Asks: 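The structure follows.
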Amino acid sequence: MNSSFTEARTSENIAPESRPSNFLREKIVEDLKTNKYQGRVRTRFPPEPNGYLHIGHAKAICIDFGLAEEFGGKTNLRFDDTNPEKEDIEYVDAIMEDVKWLGFHWDGLYYTSDYFDQLYEWAIKLIKNGKAYVDDLSAEEIRKYRGTLTEPGKDSPYRNRSVEENLNLFERMRAGEFPDGSCVLRARIDMASPNLNMRDPVMYRILHAEHHRTGNKWCIYPMYDYAHGQSDSVEKVTHSMCSLEFADHQPLYNWFIEQLGIFPSQQIEFDRLNLTYTLMSKRKLRQLVEQGTVRGWDDPRMPTLSGLRRRGYTPESVRNFVTAAGVSRTNGIVELPMLEHFVRKDLNKRAPRVMAVLHPLKIVIDNYPETEVEEMKAQNNPEDESAGWRSVPFSRELYIEQDDFREVPPPKYFRLSPGREVRLRYGYFITAKGVVKNDQGEVIEVHCTYDPATRGGNAPDGRKVKSTIHWVSARQAVDGEVRIYENLFTKENLGDLKEREDALDYLNPKSLEVVAHAKLEPALANAISGSRYQFERLGYFCADLDSKPGAPIFNRTVALKDTWAKTEKKQAGKE
RNA sequence: UGGGCCGUCGACUAAUGGUAGGUCAAGUGCCUUUGGAGCACUUUGUCUAGGUUCGAAUCCUAGCGGCCCAGCCA
């Protein structure tokens, strides 16, 4: 099997006309109608390269790129790299890969650091206009002078320095005459503003740190608030979408643009994506990576795009999910099963079926010839005729799933049990006749008989069976490792932690189960990394990066829906 | 209790003064060579109290509840 097999078809995306309306789309429509930006739409996706992108970013990406695309506009990818102490080129590369994987293409590729010279000139302009000053207060003093939520701040003693002195000091800050933290450049706005962001926010701080792009050219770096709006403005961004917590920064965003008299980009805020049982903080995710809780940023348990990719999620499923989850200004949390629904829906249409047994139980068909091996025809994807058929070896000794046999079947259990006939998928009808047990009394082998007339799985006399189970021929089976994932966390809403709690207190110790010796049908021996399959009746699986020819490793993307498990659970609850 | 933002089925999201709809989840049935998929059906909602209006989820007032802001992070 080759990988193009699995990638050849994609399920259809949600059509534009069926996408739910939302306030962002309406805002753009309105701006187009009033000709606010001469009919232009330009957005930007502005990640800080200090970590890997996660599914929350996928929402921002879909909004930034998707909306622009929808209105014939363009989108820039801009790395917001104003803090050299936290940022790294590794993240830049990973972010570009993830955006491309999602299927988006940026128009311009920029870095906020591209604008450091321009930003510096604008700072000088603000100083000359009396709108900025160098403050010698320490960080702690600045905090004290800022006041509190209910009390106004007070002016710094350095607030009224002359333009000349400020110019001189700022130039010397840039020249490296002062140590880190000795002074900052501040906007001169209003220390009594009820909006703390307007109480003379810091524009530049001194950081004698090497920047991943500008090297040692600068030892002063602009703050987010001083850089973001102007960067948007330089790029003529019309709709600068960001998350809700920046709403309080909007007056400041506008203030810099107005003071400078530059292109009036506008900021619009929307809610972040939250998912149940999922940690969505880059800082915390980095902690998991650094302390070795997970194998890396792309560990399949991570909500990162690289993790989801390795797990087997398709970009289409992520996009469709994000679109379906919608956007608003409320703080909500989407249930994880909704994400799982969209990946199942996509993979159901495109993933070829194979048979694999995770927890093997040996079956011996007593009346089947000892040395016989038949090739049974199996359909690659019942959802897709064009996927064709393959052949699977069948013989006297097979493996079935331990779960598919019960010596004493509970009510509503339709699978194999003594005296009961079931269908082996694409094989024969078999009837269990007896069991072999070990010293502990566990069933280690089931002896059956088969009906030769049912080859392929149909009985000529029209008799029915209640169940069809999957199997792998013992002699031809290939061993493979299968990694089963559960939620990384046991707490539904990790955004709802008590005072002294940490998200990491809720790590799920059972988030990874390794099945070292799963029995796979032979065609899977050389599965190509990244190829996706449905293991019939079990779930969707994706060949891992660590797979070697003859030694495949699979990640379970998501289990199939399991109504029997539900029934069984309900019965257990009744007892 | 300074400022900002926000309250619609269990979750997410529509309805833009005129029939509260969709998706997920849950449940029931049909179908099935995957207890998968599919199909059909069903349950559940406008935070509260007033007001405006022929008519209010929508507008107004007052409550109640939630989230965000006191980094030289973004």
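Order of the sequence lines sets the chain letters (A, B, ...), proteins ahead of strands, with each chain counted from 1. From a predicted model like this one, the values you see are computed outputs, not experimental measurements.
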Asks: Applying a 4.0 Å non-hydrogen cut-off, can you work out what A:Arg423 is touching in the nucleic acid: base, sugar-phosphate, or nothing?
Replies: base

Asks: By the 4.0 Å heavy-atom rule, please label A:Pro47 as base, sugar-phosphate, or nothing.
Replies: nothing

Asks: Does A:Ser21 place a side-chain N or O at less than 4.0 Å from the phosphate oxygens OP1/OP2 of B:A15?
Replies: yes

Asks: May I have the distance from A:Glu151 (atom CD) to B:G3 (atom P), rounded to whole angstrom?
Replies: 14 Å

Asks: Give me the distance, rounded to whole Å, that separates B:C68 from B:C30 when you measure between the P atoms they each carry.
Replies: 49 Å

Asks: For RNA chain B, what is the dot-bracket line, given that a base pair needs Watson-Crick (N1 to N3, plus N6-O4 or O6-N4) or G-U wobble (N1-O2 and O6-N3) geometry with both distances under 3.5 Å, and | means paired with another strand?
Replies: .((((((..((((....[..)))).(((((.......)))))....(((((..]....))))))))))).....

Asks: Under 4.0 Å: is that the gap between some side-chain N or O of A:Arg283 and OP1 or OP2 of B:C73?
Replies: no

Asks: So, is B:G36 syn or anti if syn means the angle is within 90° of 0?
Replies: anti

Asks: Rounding to a whole Å, what distance do you find between A:Tyr426:OH and B:U34:P?
Replies: 8 Å

Asks: On the nucleotide B:U34, are OP1 or OP2 found under 4.0 Å from the side-chain N or O atoms that A:His470 carries?
Replies: no

Asks: Once salt bridge (Lys or Arg N to Asp or Glu O under 4.0 Å) is applied, do any residues pair with A:Glu335, and if so which ones, sequence neighbours excluded?
Replies: none

Asks: Output all residues satisfying salt bridge (Lys or Arg N to Asp or Glu O under 4.0 Å) with A:Arg420, sequence neighbours left out; order by chain, then residue number.
Replies: none

